[in-house]
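Below: the structure, in structure tokens.
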Amino acid sequence: KFTLNLESFVVNAKVVSATMLICMTRNVTLSAATSYTVQVALNRQDFPPSNLQFRFYPEPTITKLTPSSGPLAGGGVITLAGTGFLSGVGELAASTKILVKFGNTT
């Protein structure tokens with residue numbers, strides 16, 4: 001198994017191909033966006049230097065929704081207020097895909 005070191009914790013990685021690994025980050029408790037250096041050890045212990053960064057950010061929170069109802073036909077404009085919409089990375093690029101889900105949260 002390959003191991004990835006994200007500075008303060010280590011996770012296992014799965015080999016997809018000779019040029020690609022995948023891994024799952026663990027839960028990180030943060031109040032602000034934080035970047036970690038990502039390193040890979042082929043022997044589970046020797047992590048060579050790396051300049052690659054992965055950025056964790058707090059999840060967005062919705063605090064206000066205006067209006068709170070609309071027509072069944074749809075087409076209404078809804079304004080959402082809250083925190084964390086910029087993910088701590090500054091202005092969002094025009095190509096960023098932000099989704100808003102209506103319905104059950106499960």
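Reckoned from all heavy atoms, side chains included, excluding hydrogens, waters and symmetry mates.
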Residues in side chain to side chain contact (heavy atoms under 4.5 Å, CB included) with [X], at least two apart?
{"X": "L65", "answer": "I78, L80"}
{"X": "M20", "answer": "V16, S17"}
{"X": "V77", "answer": "none"}

Quiz item: Taking the side chain from S50 and the backbone from V38, do they hold a donor-acceptor pair closer than 3.5 Å?
Solution: yes
Quiz item: Under 3.5 Å, is there a donor-acceptor pair between the side chain of T63 and the main chain of A81?
Solution: yes
Quiz prompt | Residues which pass side chain to side chain donor-acceptor pair (under 3.5 Å) with N51, listed by chain and number, not counting sequence neighbours | solution = none
Self-check item: Closest heavy-atom pair and its distance - Q39, P48
Solution: NE2-O, 3.0 Å
Quiz item: For the residue pair T66 and K64, what are the closest heavy atoms and their distance?
Solution: OG1-CE, 3.6 Å
Quiz item: Under 4.5 Å between any side-chain heavy atoms of K14 and L21, yes or no?
Solution: no
Exercise. Answer yes if M24 and V11 sit in the same cluster of Ile, Leu, Val, Met, Phe, Trp and Tyr residues linked by side chain heavy atoms under 4.5 Å apart, and no otherwise.
Key: no
